[in-house]
Engineer: 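Quick one: structure below, then a few questions.
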Amino acid sequence: MSTSSAAAAARHYAETHQELFLADLKELLRIPSISTLPEHREDVRRAAELVATHLHRAGLEHVEVISTQGHPLVYGEWLHAPNKPTMLLYGHYDVQPVDPRALWDSDPFEPTVKGDELFARGASDDKGQMLALVKALESLHQANGGFPVNVKVLIEGEEEAGGESIEAYVKEHPERLAADVALIYDTGMPAAGIPAITYGLRGILYTELEVRGAKRDLHSGSYGGVAPNPLHALALILSGLKDRDGHIHIPGFYDRVRPVTEQERKNWASYPFDIDAALKQEMGVSVLPGETEYPTEERRTARPTLEVHGIIGGFTGKGAKTVISNVVTAKVSMRLVPDQHPAEIFPLFERAVQSLCPPGNEVTVRNLHGGDAVLLPLESHWMSLATTALKKVFGRDPVFLREGGSIPIGALFDSVLHAPTIFIGFALPDDNAHAPNEKYYLPNYALAIQSAIELLCEVGHA
Ligand code: BES
Ligand code: ZN
């Protein structure tokens, strides 16, 4: 069968099975597979088992739920296309926590359809996108009895928690995962109807600071004035790390930042809409604070950042309590850009934190996880095949995006497997990823399936 009729048959299968595919997605969304919370460990495993049944149904062989130090990986393969390229497909089945729960309009784990939208934690990040890859495989297999390329599928359950297990697995099994190209569905598109290929993502370094003062909590009347106050020490440290203009004061931090190209600057300047206005509207703010000397898109995607995510410490109950607590912690991450590497940045960060810590306090800095940035050439064989596939489905050329989020596994596929990654994404800017009322624009579920079908056929045909 020619690849174009193989694609047509599979696309027809997908169209006629869309209701079932939606039911499958809802079933997966009902499992609260929150990877970062230990109490959900069993739920994460249940989600892995369910993903494995879908890989079986998609015609993959050697399907395995692989236990790790952390959460399981799910693997499957089909290697019966001699002389054809091998594609490694990746997505994640774990999700972010749901808090603040009170801000959800419906139960985050009871998928709720309203019009064209499906609301649930993980709907677009990433269960809905990951399952689209698997349903594309199922459609190809059911319609044609096989695939146009060799296929390996690796689905992760720890992406939202740093992805340490997959990193170890990739490093230990490079032959098993060997591929010509990887395909990752875990990014976004600028608006409905405008397909997007992501060519850049930031890296990350996620840390935790613990500041300790006295040996116990203290009465602020009896000891205030002579006691260390770890909360105040933490405030001094945090404000010393980044100033009000967004400049990060860690000696050496910016040394290896790779400048953006003229072409990228031109591309950003030529956006057919007002990016500042759009961002202000999305966030509900009236200014975009930070390094205003850089263009907005550069700040959001190609400049490194430092953000505080949470502070635990002190008295936070109702009313007043005059206490000086003796231990406080903060979660702090840095988004990194090419060629900043977490292993090189961590010691610089640690040194800066130590030197900012006021007398009488002690600070410990922990490295929770890290990952490298990704930057792919805009012109490549794979980019043209992806462009062709998306054009067939959307009827227009995709846009090329550089994104500010992180998918550390992309850098690893490149450095360990020497396989470039095609990042295609179907999350919309208002899909509320990581926030209350996360959703998935349902037409994108169907389009994501159709796009993967076309892309596998393009790669098989090329
Ligand atoms: N889907 C996102 C990555 C993403 C975010 C891509 C925004 C494009 C735009 C992914 O699930 C995610 O949130 N990743 C984490 C990675 C981290 C925990 C290592 C992130 O970016 O915070
Ligand atoms: Zn994701």
Side-chain angles (χ1 to χ4, degrees), residues 28-29 33-37 44 47 51 70-71 89-98 120-133 154-167 183-190 196-208 279 282-283 297 300-302 304-310 331-337 341-342 345-346 367-376 399-412 421-435 438-440 444 448:
L28 184 60
L29 288 168
S33 49
I34 306 172
S35 53
T36 204
L37 302 179
V44 177
V51 170
H71 297 298
L89 276 46
Y90 165 94
H92 61 94
Y93 68 81
D94 64 318
V95 300
Q96 286 274 327
V98 297
R121 171 55 90 226
S124 54
D125 184 10
D126 179 49
K127 286 173 175 172
Q129 297 204 55
M130 178 276 291
L131 202 64
L133 284 174
L154 185 63
I155 311 289
E156 178 186 5
E158 221 174 275
E159 196 270 352
E160 303 287 10
E164 270 154 359
S165 303
I166 196 171
E167 177 172 344
L183 172 61
I184 297 184
Y185 265 17
D186 192 22
T187 49
M189 52 199 273
I197 297 175
T198 292
Y199 70 94
L201 287 153
R202 287 193 286 204
I204 192 166
L205 168 59
Y206 202 112
T207 72
E208 188 172 76
L279 287 171
E282 276 167 36
M283 294 191 284
E297 270 309 87
R300 208 176 65 78
T301 65
T305 66
L306 182 145
E307 300 292 347
V308 185
H309 304 291
K331 311 270 188 187
V332 178
S333 85
M334 282 142 275
R335 294 284 168 175
L336 307 178
V337 300
H341 301 291
I345 298 293
F346 183 74
N367 182 343
L368 296 193
H369 64 75
D372 277 335
V374 181
L375 195 59
L376 294 156
V399 293
F400 288 83
L401 302 179
R402 194 165 166 173
E403 290 261 34
S406 307
I407 306 181
I409 197 64
L412 220 66
T421 297
I422 304 170
F423 291 94
I424 302 179
F426 299 89
L428 294 176
D430 65 352
D431 273 353
N432 298 322
H434 296 201
E438 178 177 348
K439 65 175 184 63
Y440 195 25
N444 278 2

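Whatever order the structure lists them in is the order used to number ligands and atoms, beginning at 1.
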Engineer: Identify, by name, the N, O or S atom of D125 lying closest to the Zn ion (ligand 2).
Structural biologist: OD1
Engineer: With a 4.0 Å cut-off on heavy atoms, is I407 in contact with ligand 1?
Structural biologist: yes
Engineer: Backbone or side chain, does any N or O of D186 fall under 3.5 Å from an N or O of ligand 1?
Structural biologist: yes
Engineer: For H92, counting its heavy atoms only, list the atoms of ligand 1 lying under 4.0 Å from any of them.
Structural biologist: 11 (O)
Engineer: Is a donor on one side and an acceptor on the other found under 3.5 Å between the side chain of E158 and the backbone of E164?
Structural biologist: yes
Engineer: R335 heavy atoms, cut-off 4.0 Å: which ligand 1 atoms fall inside?
Structural biologist: 20 (C), 21 (O), 22 (O)
Engineer: For A47, does its backbone N or O pair with a side-chain atom of Y93 as donor and acceptor, under 3.5 Å?
Structural biologist: no
Engineer: Backbone N or O of V332 within a donor-acceptor pair of the T207 side chain at under 3.5 Å?
Structural biologist: yes
Engineer: When you compare ligand 1 with D125, is there at least one nitrogen or oxygen pair between them that comes in under 3.5 angstrom?
Structural biologist: yes
Engineer: Can you figure out which of E160, E403, H434, H369 has its heavy atom closest to atom 17 (C) of ligand 1?
Structural biologist: H369
Engineer: In D186, which N, O or S atom comes closest to the Zn ion (ligand 2)?
Structural biologist: OD1
Engineer: Check the pair N444, L428 against side chain to side chain contact (heavy atoms under 4.5 Å, CB included), reporting the backbone distance first and the verdict last.
Structural biologist: CA-CA 9 Å; N444 278 2; L428 294 176; 3.9 Å; yes
Engineer: Relative to the heavy atoms of G405, which atoms of ligand 1 are at a distance of less than 4.0 Å?
Structural biologist: 5 (C), 7 (C), 21 (O)
Engineer: Parallel, tilted or perpendicular: which fits the ring planes of H309 and Y206, with parallel below 30° and perpendicular above 60°?
Structural biologist: parallel
Engineer: Do the side chains of E159 and S35 get nearer than 4.5 Å, heavy atoms only?
Structural biologist: no
Engineer: Would you compute the distance between atom CD1 of I422 and atom OG1 of T187 and round it to the nearest 0.5 angstrom?
Structural biologist: 11.5 Å
Engineer: What about E159: any of its N or O atoms under 3.5 Å from an N or O on ligand 1?
Structural biologist: yes
Engineer: By side-chain hydrogen bond (donor to acceptor under 3.5 Å, both in side chains), which residues pair with R121, not counting sequence neighbours?
Structural biologist: E438
Engineer: Could you tell me whether S406 and ligand 1 have an N or O pair separated by under 3.5 Å?
Structural biologist: yes
